Structure formats: structure tokens, C-alpha cells
Amino acid sequence: FEPVSVGIAIGAVSALTGYLSYSDLYCRFAECCQEERPLNTSALKLDLEEKLFGQHLATEVILKALTGFRNNKNPKKPLTLSLHGWAGTGKNFVSQIVAENLYPKGLKSNFVHLFVSTLHFPHEQKIKLYKDQLQEWIQGNVSACGSSVFIFDEMDKLHPGIIDAIKPFLDYYEQVDGISYRKAIFIFLSNAGGDLITKTALDFWRAGRKREEIQLKDLEPVLSVGVFNNKHSGLWHSGLIDRNLIDYFIPFLPLEYKHVKMCVRAEMRARGAAVDEDIVTSVADEMTFFPKDEKIYSDKGCKTVQSRLDFH
Ligand SMILES: Nc1ncnc2c1ncn2[C@@H]1O[C@H](COP(=O)(O)OP(=O)(O)OP(=O)(O)O)[C@@H](O)[C@H]1O
């Protein structure tokens, strides 16, 4: 459908029927920003509880942060989340779930933008160009839709300083050049801090304590300092942290054998296959685990589960 013919068709239909406003009808055919659309908290809660394994902190914090932010009709600043953890623990997966709960098209929505450092900002000598392009891109998209979502993956590989280019948009400003960014959402994904998170998880395990006992307060202070001082975190000595512009640091815990098995089952169901526990066990047994003596956590989280399943 191209906009003009859709517009004429809708104008005619709404003139005849008159019961739906023009924009309601238009938004049935074309994707609309709908800044005021309320977040379906129970749907997001169900998604996180059912689909995300072994990440009780991420589930709790993301639900609280998004619900609070989207229920606030006049936020003082954009919502800024920083997700940290080892490979394959669910950071991208959660961003996809969040995007799908904000916009039906999820990552394919015109109002959700994903940047991958090594893909979009690969060359160190082009940093000035990247910064200008990034600022223009964000300005343009937020003026088109105030509640745009920007996801930055592989932050730990991002040249220090590029991320500072967006600092003005994250700050407590009413408007920047006439545009309000206060309803936008920024999500940073990073492996930085993965070692600190794993160390805490391991300490709990060795002390015989339940994984679910780990609380944000056990991790957040260590995480933000650790990430801030880690040269490879993309947020290194970035104005974002010393200005407290990041609202939540969200830790992703390393995944255990039982979580990997849950990923295999989920993948089998996603393929419409009946769950075969023998296959579940053999795929999980193919994964490698650390530390070398206790073998508790999967080196690759749930990554490569899909491809390994292809061989069963
Ligand atoms: N905690 C989890 N619960 C359920 N599925 C998961 C989880 N972690 C990973 N997966 C599965 O593994 C796939 C890869 O995970 P994902 O891309 O989210 O990892 P990541 O943490 O972003 O890794 P990286 O840091 O390497 O980008 C996901 O698409 C999902 O199918």
C-alpha cells in the first residue's frame, strides 16, 4: 500500500462510516508511532517469565523500568538501560522481546533502530563522521516519533567517545534544538562486566546459595564502576556514567546446564517438533562449561543451540 491511495481509501471509508477516526483507520494499514499507546505490562511480564531463562534480575528490572517509564506521561529524561553479561545469555533476545512489546513489528518497526558497533562504526578514522551521522539519525527519528527505541549492540567494541555524541539526547533537557527526547528509549548491550557478574554468580554457587538470591545491589555498584574503568566497554570514562545518565545497569547471569536444556526445548517447540529429552540432553552435553573443574556455566550461553539442533 502506498500512503496516498491508502489515505484516499481511508478518507472515503471514514466519511461513509464516521465511526472510526481517520488516524485509527490509517493506523490499521500503516505503522503509526502512537506515543501514548500504553504498555501491556502483563503481556511483557508473561513474555519475560516464559521465554527468558535464568535471568530473574533482568526480568524484574526491565519490567519495573519499562512499566514505570511508559506510565509516566511526562518523563524528565529518556529511559536508558545498559545490559551487561557474557555471550549468549539473552541480551539481544531481551531487546527483541522489549521491542515487540512496544511495537508489534518489533525490531522491524520503523520506530526501533538497532546499531551494531562492528557493523555501523567499524573504522576508527571515521569517528567524527559516525558521530555526526548518529546525531542526525537520532534527531530525525525522534522528531518523527518521540517514543523511538535505539538499541546499541556490542557497546564494548564501540570506539570510546562515539557514545558521548548522543549524551545531549539522554540528559535532563526539556528539549534539544526544539525536539524532546524524553519519551525515547536507549538500550546498550555489552559483554563488559561479564567477568564481574560471573564472579558474583560463582561466589553464590560455591557458598551453596541459590542463584535467585542474587540481587541487583550485589552487582550494580560493582558493575557500573567495573564498566566505567574497563577500557573496552564503549562506556569507558564516558560522560554517560559520570553523569548518571544510565538509569539501570542490568546484569545477565551466566547460564547453567539446566538453562541450556530449556533453550533446546524452546527451539524444538519453535520448530513445531515434539520435545525429545534424549535430543535435549545430547545437544546440551555437546556444549562446553566453565570453570574447568566444576563445569557449571555454559561458555556460549545458549548460542549455537539452534545450529547444533540441526544435526539431531
Ligand atoms: N536467557 C535466555 N533465555 C532464553 N533464550 C536465550 C537466553 N539467552 C540466549 N538465548 C537464546 O540464544 C540466542 C542468542 O542469545 P542472545 O543473542 O540474546 O545472546 P547475547 O547475550 O546478546 O549474546 P552476545 O553478547 O554474544 O550478543 C537467543 O536468540 C535465544 O534464542
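First listed ligand is number 1; within each ligand, the first listed atom is number 1. Bear in mind the structure is a predicted one, so any value in this text is a computation, not a measurement.
- For ligand 1, the polar-atom distance check finds no N/O of G85 at less than 3.5 Å from any of the ligand's N/O atoms.
- Geometrically, ligand 1 and K303 share a nitrogen or oxygen pair separated by less than 3.5 Å.
- Between D153 and ligand 1, a contact under 3.5 Å exists for no N or O pair.
- The C302 neighbourhood of ligand 1 comprises atoms 9 (C), 10 (N), 11 (C), 12 (O), with distances under 4.0 Å to a heavy atom of that residue.
- Looking at A87, G301, G88, it is G88 that brings a heavy atom closest to atom 19 (O) of ligand 1.
- The protein heavy atom nearest to atom 21 (O) of ligand 1 is K91 NZ, 2.8 Å.
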Test side chain to side chain contact (heavy atoms under 4.5 Å, CB included) applied to Y130 and H123, step by step: CA-CA 9 Å; Y130 294 150; H123 307 300; 3.5 Å; yes

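- Looking only at heavy atoms of the protein, atom 22 (O) of ligand 1 is closest to N92 ND2, 2.7 Å.
- Those atoms of ligand 1 with a heavy atom of F53 less than 4.0 angstrom away are 1 (N), 2 (C), 3 (N), 4 (C).
- The residues K91 and D153 are annotated as not salt-bridged, no charged nitrogen and carboxylate oxygen being separated by less than 4.0 angstrom.
- Between K199 and D195 there is no salt bridge, since none of the side-chain N atoms of the basic residue sits less than 4.0 Å from a carboxylate O of the acidic one.
- Closest approach of L219 to L253, counting heavy atoms only: CD1-CD2, 4.2 Å.
- Comment: E60 does not engage K64 in a salt bridge, judged by the lack of any side-chain N to carboxylate O separation of less than 4.0 angstrom.
- Within the 4.0 Å heavy-atom criterion, the part of K51 lying near ligand 1 is the backbone and not the side chain.
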Output, in order, the C-alpha distance, side-chain angles, deciding distance and verdict of side chain to side chain contact (heavy atoms under 4.5 Å, CB included) for Y248 and L79. CA-CA 9 Å; Y248 296 91; L79 178 63; 4.2 Å; yes

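- Heavy atoms of Q96 come nearer than 4.0 angstrom to ligand 1 in no pair at all.
- Heavy-atom proximity to L52, at under 4.0 Å, picks out these atoms of ligand 1: 1 (N), 2 (C), 3 (N).
- In this model, a donor atom of one side chain and an acceptor atom of the other lie less than 3.5 Å apart for E31 and S109.
- Defined by atom type and a distance below 3.5 Å, a donor-acceptor pair is present between the side-chain atoms of Y103 and S147.
- Put simply, atom 13 (C) of ligand 1 has no protein non-hydrogen atoms near it, under 4.0 Å away.
- In this structure, the protein non-hydrogen atom closest to atom 18 (O) of ligand 1 is F93 N, 2.8 Å.
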Before you tell me yes or no, could you show the steps for F186 and L170 under side chain to side chain contact (heavy atoms under 4.5 Å, CB included), namely the whole-Å CA-CA distance, both residues' side-chain angles and the distance that decides it to 0.1 Å? CA-CA 8 Å; F186 290 81; L170 304 183; 3.2 Å; yes

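- For C263, the heavy-atom gap to ligand 1 drops under 4.0 angstrom.
- When heavy-atom distances to ligand 1 are checked against a 4.0 Å cut-off, L189 has no atom that comes that close, whether in backbone or side chain.
- Every atom of ligand 1 is numbered from 1 in the order shown, and the set under 4.0 Å from a heavy atom of Q306 is 31 (O).
- Of all heavy-atom pairs between L158 and F121, the closest is CD1-CD1, 3.4 Å.
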